[in-house]
Asker: 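One structure coming up, written as structure tokens, with questions to follow.
Along the sequence shown, residues are numbered consecutively beginning with 1. Start at 1 and go down the list; that is how both ligands and their atoms are numbered.
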Amino acid sequence: MIYLDAAATTAVRREVLEAMWPHLTGEFGNPSSHHEVGERSARALADARASIADAFGVRSSEVVFTSGGTEADNLAILGITLASARGRHVVTSAVEHPAVLEAVDALVRLHGADSTIVGVDADGLVDPGEVAAAVRADTALVSIMAANNEVGTIQPVPAIAAALAGTGVPVHCDAVQAAGWLPIRLDELGADAVSISGHKLGAPKGIGALIVRGRVPLEPVIHGGGQERGRRSGTENVAGAVGLAVALRLAVEAGREHGARLAAARESFIAEVLATVPDAVLTGPREARLPGHASFLFPGTSGESVLLGLEARGIVCSSGSACAAGSDEPSDVLLAMGIAPEVAQTAVRFTFGSEVTADDLGRTAAELRDAVAAV
Ligand code: PLP
């Protein structure tokens with residue numbers, strides 16, 4: 001099987017599992033316990049936190065472990081807005097993940113908040129000027145993703161942060177797809193809060209983090225025993241945190257070199273598909289996209305049928321985001337980019353990490369031509 005759905009999830013890396021193993025077996029203590037067994041777990045958690053803080057250029061106290069990207073996004077959106085002294089207006093974009101857009105919707109429905117959803121251009125790009133123009137005296141938060149999961153578009157987050165400089169409005173950035181490939185340090189992004197998720201990086205499902213500047217007030221979303229400095233209660237997933245730290249370190253170390261190689265492989269794949277599959281259209285920009293991300297429209301087909309055809313040929317990919325899988329609705333991201341609903345339904349997404357080979361991508365392009373012709 002050729003697995004080209006890395007944006008949905010990745011396998012746990014061997015080094016990650018090996019680092020986690022002791023904390024799933026002998027070192028099983030609760031990090032809040034005041035005995036030797038608990039204290040060893042607390043030290044492992046502190047080491048993982050320090051390593052993640054280092055990757056983001058922040059203090060350890062600015063790392064909040066969560067159950068994944070969705071929870072990190074919810075904590076940022078709800079937590080920062082509800083704690084804001086400015087008001088309850090949120091600015092975000094039409095191409096955000098549902099973890100952001102649904103959290104904003106919950107704020108509006110349940111907490112009397114107001115939102116401005118800025119649009120995107122045909123490449124899925126947000127305009128920094130439009131974001132800045134949407135900010136008001138009562139704006140509590142601006143949330144713009146680092147890179148899009150469906151079309152791979154890299155958003156100009158540093159330019160957006162620069163456009164907001166001096167306004168005092170915190171910027172949250174969903175870097176779930178970007179971590180390991182793009183700069184994620186808070187000072188490079190210009191962000192005050194960043195979400196990441198372990199299972200997109202070679203760590204397991206069920207661990208993530210919100211990196212949030214200590215100066216940004218944060219209301220907890222999950223209440224309880226006061227773990228994570230009161231910002232996220234619940235006994236910490238120590239093994240998951242250890243795994244996330246290792247996965248992030250490996251991804252950041254390898255990211256630049258692998259990213260360049262992957263972007264070259266992606267470019268050959270895109271060129272091959274556009275040259276050989278009649279009427280194929282690339283979605284998102286040709287260059288300002290994630291290195292391991294190629295997404296297309298095949299007008300006149302159905303994305304689901306192409307997907308099934310590829311699967312029958314041993315290639316696994318996706319028709320859009322895994323979160324929207326099973327829904328017949330055209331993708332909101334593609335609609336926001338101005339693509340007609342019947343064309344949006346022909347979308348197919350190929351996403352891959354550094355383990356992909358040129359042979360895998362070459363074979364996929366050839367099989368894709370046959371799968372599209374057979375629909
Ligand atoms: N944000 C983005 C951009 C994503 O792609 C995803 C998952 O696909 C999430 C958030 C949610 O992350 P998780 O699956 O860890 O809840």
Asker: Closer than 4.0 Å to some heavy atom of Ser197 - which atoms of ligand 1 meet that?
Answerer: 13 (P), 15 (O)
Asker: What pair of heavy atoms forms the shortest contact from Arg213 to Gly57, and how long is it?
Answerer: NH1-O, 4.0 Å
Asker: Is a salt bridge present between Arg109 and Asp105, judged by a nitrogen-to-oxygen distance below 4.0 Å?
Answerer: yes
Asker: With a 4.0 Å cut-off on heavy atoms, does Lys200 reach ligand 1?
Answerer: yes
Asker: Can you sort out which atoms of ligand 1 are near Asp73, meaning under 4.0 Å from one of its heavy atoms?
Answerer: 1 (N), 10 (C)
Asker: Between Asp360 and Thr357, is any side-chain donor less than 3.5 angstrom from a side-chain acceptor?
Answerer: yes
Asker: Under 4.5 Å between side-chain heavy atoms, hopping through other hydrophobics if needed: is there a path connecting Val100 to Val118?
Answerer: no
Asker: Check ligand 1 against Met145 and write out every atom of the ligand that is under 4.0 Å from a heavy-atom position of the residue.
Answerer: 3 (C)
Asker: If the cut-off is 4.0 Å to any non-hydrogen atom of His199, which atoms of ligand 1 fall inside it?
Answerer: 13 (P), 14 (O), 15 (O)
Asker: Under 3.5 Å, is there a donor-acceptor pair between the Thr364 and Glu367 side chains?
Answerer: no
Asker: Against heavy atoms of Thr70, which atoms of ligand 1 measure under 4.0 Å?
Answerer: 11 (C), 12 (O), 13 (P), 16 (O)
Asker: Checking the N or O distance criterion of under 3.5 Å, is ligand 1 in contact with Gly69?
Answerer: yes
Asker: Mind listing the closest non-hydrogen atom pair of Leu334 and Ala347 along with its distance?
Answerer: CD1-CB, 3.5 Å
Asker: Gly68 heavy atoms, cut-off 4.0 Å: which ligand 1 atoms fall inside?
Answerer: 15 (O)
